[in-house]
Amino acid sequence: EILESFPGGIGHRHVRPTSRPQKSSSGGGVSTSTASSTNGSKINVSDKQENGVFHESGNDGIFDYYCIPSHECKRPDEDTRNTMGGTVLMGGGSDVDAAFKWQLSRSDGGDFLVLRESGTDAYNEYIKAFGGARTVATLILNSRDAANDPSVLRYVQEAEAIFFAGGDQSKYIDRIAGTALEAELEASRAVRNVSIGGTSAGCAIQGDYIYTGQYGSAISSEALEDPYDENINGSIVPKMSLVDTHLESQTVVTDTHFKVRDRMGRLVVFLARIQNKYDGYIPNDADVRGIGVDQETALLIGNDGVATVVGDGTAYMCTLKGGDGERVCSTHAPLTIGNTVACERLTGRSFDNPEAKDLDTFDLNLWKGSGLSYTFKVEKGKIRDGNPYGNEDDVSEE
């Protein structure tokens, strides 16, 4: 049973492309063939009939596509789907069932597509078991060439829900940014009103600014001591065009695995770097915002910009105000921010009790919600005058 009692926006009639490359057919076993795509390039096709999986691989292995159930994957979906958009920001760790149910409920029984930069098709059976999808497929982008392949673009065009798995966000950016796939993902959200979600690295790529982690994962204590630490410098890049407009308009950077890996310090450094006029991102009198999501937790953002927290952890919605307050954000110097960092802590819940009334929500348009508001300061590389996670029982840095 797909739960639909979430905030959200209006629906959209998703009319699907009708052209599909020829696929092999077989009465059983595993068959392979070579088919021509619409631009004449070759794709290798294998149909694993014995376990119901349809598999296509790109020429020279540039992508792998696994789809279930095979008999549905081999024929076009002739129905027009009334899709509803939205965004899922999941914090990594164990997946949040309610987040996938939410995306499924907004796909109107269509095709669910998981995008990966490496890995397996393990998500397929997990998502299909919830019901509510015609097909579930995993598309693994093994190289940047895949992002300009017509078959890959078709898979995205045909999807009514898209989810980025975890992995390495720098590889997602390297393989998608500036390609035809990036444009197709933008059209999926803006034109076809398809929901887009992601966990861990797949969440990190959905901000207005993205921390790539390409030189290594930044540690809060080290980043606060040197905001130009080698794991940060050169690793904050502007958005890809698939970003939710509500996150874009509020100048948001996202982070994941949040409290368990103590990432509030580095999130504040990301905000300070984006706001630092010498880095050239934005004027330092402009506000910047960060969203940190715990493991086993997801933030569900409807088309109306209202977000709901589900799962077993917490989401943190933080603002670094612009202005001319005292500021030290330079190489080899501990970070000092004269302006207060203001956060709101939103608590998730599981769906063991769907009738629960204590679901925290947050309006991204107003940047205000129903959670606990708190503040802290950063002086000489230390968080002071408040707890970074808003908990009295936690010990803040001294």
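Under a 4.0 Å N-O distance rule, the pair Asp244/Arg189 qualifies as a salt bridge.
Phe362 places none of its side-chain heavy atoms less than 4.5 Å from the side chain of Ile301. Looking at heavy atoms from C-beta onward, Phe164 lies in side-chain contact with Ile176 at the 4.5 angstrom threshold. Side-chain contact between Ile274 and Leu320: absent, with no pair of heavy atoms (C-beta onward) separated by less than 4.5 Å. Side-chain atoms of Phe376 and Val268, non-hydrogen and from C-beta on, do get closer than 4.5 Å to each other. Annotation: side chain of Val156 is in contact with side chain of Leu113 (closest heavy-atom distance under 4.5 Å). With contacts defined as side-chain heavy-atom distances shorter than 4.5 Å, the pair Glu160/Asp108 does not qualify. Between Arg134 and Asp79, every side-chain heavy-atom pair lies at or beyond the 4.5 Å cut-off. With contacts defined as side-chain heavy-atom distances shorter than 4.5 Å, the pair Gln103/Phe130 does not qualify.
Ring geometry for Tyr65 against Phe54 counts as perpendicular: the plane angle is over 60°, on a 0 to 90° scale with 30° as the lower cut. Ring-plane geometry between Tyr211 and Phe270 is classed as parallel, the angle between the planes falling under 30 degrees on a 0 to 90 degree scale with a further cut at 60.
Counting all heavy atoms, side chain and backbone alike, Gly386 lies closest to Ile383 at O-CG2, 4.0 Å. Shown here for Cys203 and Leu89, the closest heavy-atom pair between the two residues is SG-CB, 3.7 Å. In terms of heavy atoms, Ala99 sits closest to Met90 at CB-CE, 3.6 Å.
Heavy-atom contacts from other residues, nucleotides or ligands closer than 6.0 Å to NZ of Lys377 number 12 or fewer.
Hydrophobic clustering, with ILVMFWY side chains joined whenever heavy atoms are under 4.5 angstrom apart, keeps Met317 apart from Leu372. Residues Phe112 and Tyr126 are members of one and the same hydrophobic cluster, defined by side-chain heavy-atom contacts under 4.5 angstrom among Ile, Leu, Val, Met, Phe, Trp and Tyr. Tracing side-chain contacts under 4.5 Å through hydrophobic residues (I, L, V, M, F, W, Y), one never reaches Tyr228 starting from Leu224; they form parts of separate clusters. Tyr215 and Ile236 fall into different hydrophobic clusters, where Ile, Leu, Val, Met, Phe, Trp and Tyr residues are linked whenever their side-chain heavy atoms come under 4.5 Å apart, directly or through other members. Note on Leu271 and Tyr281: same hydrophobic cluster, where clusters join Ile, Leu, Val, Met, Phe, Trp and Tyr whose side-chain heavy atoms are under 4.5 Å apart, directly or indirectly.
One distance of note links CZ of Arg81 with CG of Asp111; it measures 7.0 Å at 0.5 Å rounding. Distance check: Arg75 CZ to Asp77 CG gives 6.5 Å after rounding to the nearest 0.5 Å.
With hydrogens and angles left out, the side-chain atoms of Asn193 and Arg106 include no donor and acceptor closer than 3.5 Å. In this structure, a donor-acceptor pair under 3.5 Å is absent between the side chains of Asp287 and Thr319. Between the side chains of Gln214 and Ser235, no donor N or O sits under 3.5 Å from an acceptor N or O. Looking at Thr179 and Asn148, their side chains never bring a donor and an acceptor atom within 3.5 Å of each other. For Tyr155 and Asp149, the side-chain atoms include no donor-acceptor pair closer than 3.5 Å.
For Asp255, the salt bridge (Lys or Arg N to Asp or Glu O under 4.0 Å) partners at least two apart in sequence or on another chain are Arg263, Arg266. Every salt bridge (Lys or Arg N to Asp or Glu O under 4.0 Å) that Glu248 has, sequence neighbours left out, goes to Lys239.
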Evaluate the criterion salt bridge (Lys or Arg N to Asp or Glu O under 4.0 Å) for residue pair Lys74 and Glu56; output intermediate values, then yes/no.
CA-CA 11 Å; Lys74 293 191 295 179; Glu56 287 185 351; over 6 Å; no
With side-chain contact (heavy atoms from CB on, under 4.5 Å) as the test, would you mind laying out the steps for Thr83 and Arg192 before giving the verdict?
CA-CA 8 Å; Thr83 54; Arg192 296 188 289 273; 5.6 Å; no
Walk me through whether Met264 and Phe258 qualify under side-chain contact (heavy atoms from CB on, under 4.5 Å).
CA-CA 7 Å; Met264 181 63 83; Phe258 202 62; 3.7 Å; yes
What do the steps show when you test His55 against Asp64 for side-chain contact (heavy atoms from CB on, under 4.5 Å), and what is the final call?
CA-CA 7 Å; His55 175 216; Asp64 283 288; 2.9 Å; yes
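Test Leu141, Ile140, Asn142 against Arg116 for side-chain contact (heavy atoms from CB on, under 4.5 Å) and you get one pass: Ile140.
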